[in-house]
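Some notes on the structure that comes next.
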Amino acid sequence: MLAGCEGRILDPFQDEDSPAGKEQPARTVRVARLTHTQWTHSVQELLRLDAPPTTLAQGFRADPAQSGFLFDNEARSLSVDEALWGAYQRAASELAGQVATNSAKLSRLLPPVASTAEERARTFVEEFGLRAHRRPLTAEEVEAYLALYRKGPQSYSGMPAFEAGIRLLLEAFLQSPHFLYRVERSTRPTGNKVPLDDHEVASRLSYALWNSMPDDALFAAAREGRLRDREGVIEQAKRMLQDPRARGLVDAFHRTVFDVPRFAAIKPSTTRYPGVSARLAEYAARENSLFVEDVVFEKQGRYSDLLTSTSTFVNDELARIYGVSGTFGTDFVRVSLDSSQRRGVLTQVGFLASHATSVDPDPIHRGVFLSERIICQKIGAPPADIPPLPPAGGRTNREVVESHTEVAGSACASCHATLINPLGFPFENFDAIGGYRTTDNGFPVNAKSAPRIGVETRSVSNAIDLAETLASSQAVHECYARHWVEFLNGRPVANEDQALVSRLGHLSREGQLSVLDLVVEVVTGVGFVNRHPEELP
């Protein structure tokens, strides 16, 4: 056993002759600060609070968005400046005070009464410290925390000595870099990777799948050496994916990939669409969340199902837009949509209405979304000072867009004619609120197109045809796998990830992986349980 890899078998998991033998860890940071969401969840778990301290977290300065990275957990961008450090200190002081002065809350954390207060404090430091640092404390760390415990009565003279010491300890643990950061101390390489020790694997798993610290079962698995082989990590990953916390994380992932925050901008014209309420954006977001949860967890579905399913969830207002017959109220219920009109998340109200003006569908932004989020084909920034679309003037919406963006020799034509418009025009059967239509401005809708998807150009007749084409595309499944690799690792995809992305994309396209299976493959892969031998600065 090598130093820095305590309890860990080197050369973990990966047979170099296996189909995944070329997969390698990518460079990343060894010290990753918790996101504000992770901090909130971790504090609740660590202090065993009934509710997360969201009010305190709302006082933290917002983290900057990382250009080109969809998610909020890019480790390289998560720093601690003076303002955030001050907020951490204030939060630690307030939380420690709340717990240490409340006998019911404090009793959840304290070990049984020992023969002396000092012995009880030592047990507290060792047990609570394991959870706060997410690894066993060293002997030196235990003694340092005990020295701080002894200073408690000086800091809080109005409290009993033991409780005062515990209060000071809680403040210290909550401000420790070993709590505020995920610190990976393993440094000894084997070949071209650094195996993580058991507790480091446990932390990667918990923050990837729960956005929170390990639970008692995961700590036990690390202590007992059950994370030293692929089977052990698979067992824990599958257990964790059955926990309600995983549902929240899967929802957060898809909210980002499907750009659900954009739904808040849905504000159709009340003149053009008088029957639509001001809560349409809220209803669309709720539909998306219920749909994803149903496909991923209840049906154990695949990515293809998210793109092609004809079932969804509606209330009375969404039922009217979808043209579903029956009696509906405020509650959401599962329904089957007309398969000749609807297939998957891209024909649901949220995507369609959030990529529309207040009166017309917007094939440009619909196409850009598909290119960048569904196919991972980046679109260059548009030229400055682009004039708005002209009035229809007796033309269809498609004709207006074509005439405005596909003029031969213009700066716009190269992207619009080949990358953007062909992906947006198949959705011309859907109006600005996502209702189905067969005519536009008195003319028949033309939804035929020939979009480029990866290296192929495919002819499609409408959005239904496009949904099926996307669901059968290797490039589309690789894009989805890439999003998961970035999200679960908290870093941009790297060259070392390509073998994994390709393998998962192939298995997903062939129907051999559910969404949850794909997640398990990522967190049990060689790139997840190892580090690159050179960390980023």
Side-chain angles (χ1 to χ4, degrees), residues 35 37-38 41 65 69-74 207-211 237 240-266 281-314 318 332 334 342-355 366 369-376 434 467 470-471 476-490 493 501 504-505 508-509 513-523:
T35 67
T37 299
Q38 291 171 347
H41 292 167
F69 192 73
L70 285 182
F71 307 103
D72 66 355
N73 62 346
E74 217 281 62
Y207 284 103
L209 301 181
W210 287 346
N211 254 345
M240 295 169 71
L241 286 172
Q242 299 307 308
D243 188 280
R245 285 170 287 189
R247 296 195 174 214
L249 185 119
V250 169
D251 180 67
F253 168 82
H254 288 98
R255 282 178 59 83
T256 298
V257 171
F258 295 145
D259 203 7
V260 175
R262 184 185 176 102
F263 292 8
I266 296 175
E282 174 190 339
Y283 298 151
R286 180 63 176 157
E287 176 194 11
N288 181 274
S289 180
L290 291 171
F291 171 73
V292 168
E293 183 176 34
D294 185 59
V295 170
V296 175
F297 289 98
E298 307 309 325
K299 297 178 178 176
Q300 300 286 298
R302 304 160 299 169
Y303 182 45
S304 295
D305 297 315
L306 290 172
L307 295 175
T308 62
S309 173
T310 57
S311 68
T312 190
F313 292 80
V314 302
L318 292 181
F332 281 74
R334 183 193 285 113
R342 307 279 177 173
R343 289 289 180 91
V345 69
L346 298 176
T347 60
Q348 291 175 0
V349 166
F351 166 70
L352 297 166
S354 65
H355 293 86
R366 289 174 179 178
F369 175 89
L370 261 69
S371 183
E372 296 196 336
R373 297 291 181 94
I374 304 300
I375 311 175
C376 291
L470 293 170
V476 168
H477 285 271
E478 286 193 14
C479 182
Y480 185 67
R482 168 180 169 158
H483 289 322
W484 272 116
V485 168
E486 291 190 326
F487 180 69
L488 294 170
N489 284 285
V493 71
V501 168
L504 297 184
S508 177
R509 182 178 67 84
L513 290 180
S514 70
V515 172
L516 296 181
D517 290 336
L518 191 154
V519 171
V520 171
E521 285 293 318
V522 175
V523 300

Side chain to side chain donor-acceptor pair (under 3.5 Å) against Asn211, all qualifying residues, sequence neighbours excluded: Gln38

Where Leu504 and Ala481 come nearest, the two heavy atoms and their spacing: CB-CB, 3.9 Å

Ser304: partners by side chain to side chain contact (heavy atoms under 4.5 Å, CB included), with sequence neighbours left out: Ala471, His477

Residues in side chain to side chain contact (heavy atoms under 4.5 Å, CB included) contact with Val257, at least two apart in sequence or another chain: Phe71, Phe253, His483

Nearest heavy-atom neighbours spanning Ala281 and Ala264: CB-CA, 4.1 Å

Phe291 and Leu306: CA distance, side-chain angles, deciding distance, side chain to side chain contact (heavy atoms under 4.5 Å, CB included) verdict: CA-CA 8 Å; Phe291 171 73; Leu306 290 172; 3.8 Å; yes

Counterpart residues, side chain to side chain donor-acceptor pair (under 3.5 Å), relative to Glu478 (two or more places apart): Gln474

Residues in ring-ring contact (aromatic ring centres under 6.0 Å, His included) contact with Phe369, at least two apart in sequence or another chain: Phe351, His355

Pairs flagged by salt bridge (Lys or Arg N to Asp or Glu O under 4.0 Å) wherever residues 513-523 is involved - sequence neighbours left out: Arg230-Glu521, Arg503-Glu521

Over all atoms of both residues, closest heavy-atom pair of Val292 and Phe258: CG2-CE1, 4.2 Å

Nearest-0.5 Å distance that lies between atom CG in Leu318 and atom CZ in Phe313: 12.5 Å

Closest non-hydrogen atom pair, Glu486 against Val493: OE2-N, 2.9 Å

Side chain proximity check, Leu470 to Ile375, heavy atoms < 4.5 angstrom: yes

Sequence neighbours excluded - salt bridge (Lys or Arg N to Asp or Glu O under 4.0 Å) pairs with any residue from residues 293-304: Arg247-Glu293, Arg247-Glu298, Asp294-Lys299, Asp294-Arg334, Arg302-Asp305

Residues in side chain to side chain donor-acceptor pair (under 3.5 Å) contact with Ser309, at least two apart in sequence or another chain: Ser311

Side-chain (Arg373) to main-chain (Thr256) donor-acceptor, under 3.5 angstrom: yes

Pairwise distance CG(Leu488) to CG(Leu209) - rounded to 0.5 angstrom: 6.5 Å

Contact list for residues 249-266, test salt bridge (Lys or Arg N to Asp or Glu O under 4.0 Å), sequence neighbours left out: none

Those residues that, when tested against Ala252, pass side chain to side chain contact (heavy atoms under 4.5 Å, CB included) (two or more places apart): none

Residues Phe487, Val522; criterion side chain to side chain contact (heavy atoms under 4.5 Å, CB included); working and verdict: CA-CA 10 Å; Phe487 180 69; Val522 175; over 6 Å; no

Heavy-atom check, side chain of Val349 versus side chain of Phe263, under 4.5 Å: no

Residues forming a side chain to side chain contact (heavy atoms under 4.5 Å, CB included) with Glu282, sequence neighbours excluded: Arg279

Pairwise distance CG(Leu516) to CZ(Phe297) - rounded to 0.5 angstrom: 5.0 Å

Smallest separation among heavy atoms of His254 and Tyr480, with atom names: NE2-OH, 2.8 Å

Over all atoms of both residues, closest heavy-atom pair of Trp210 and Met240: NE1-O, 3.0 Å

Step-by-step side chain to side chain contact (heavy atoms under 4.5 Å, CB included) determination, Leu307 to Val476: CA-CA 10 Å; Leu307 295 175; Val476 168; 4.0 Å; yes

Any residue meeting salt bridge (charged side-chain N to carboxylate O under 4.0 Å, His left out) with Arg366, in chain and number order, not counting sequence neighbours: none

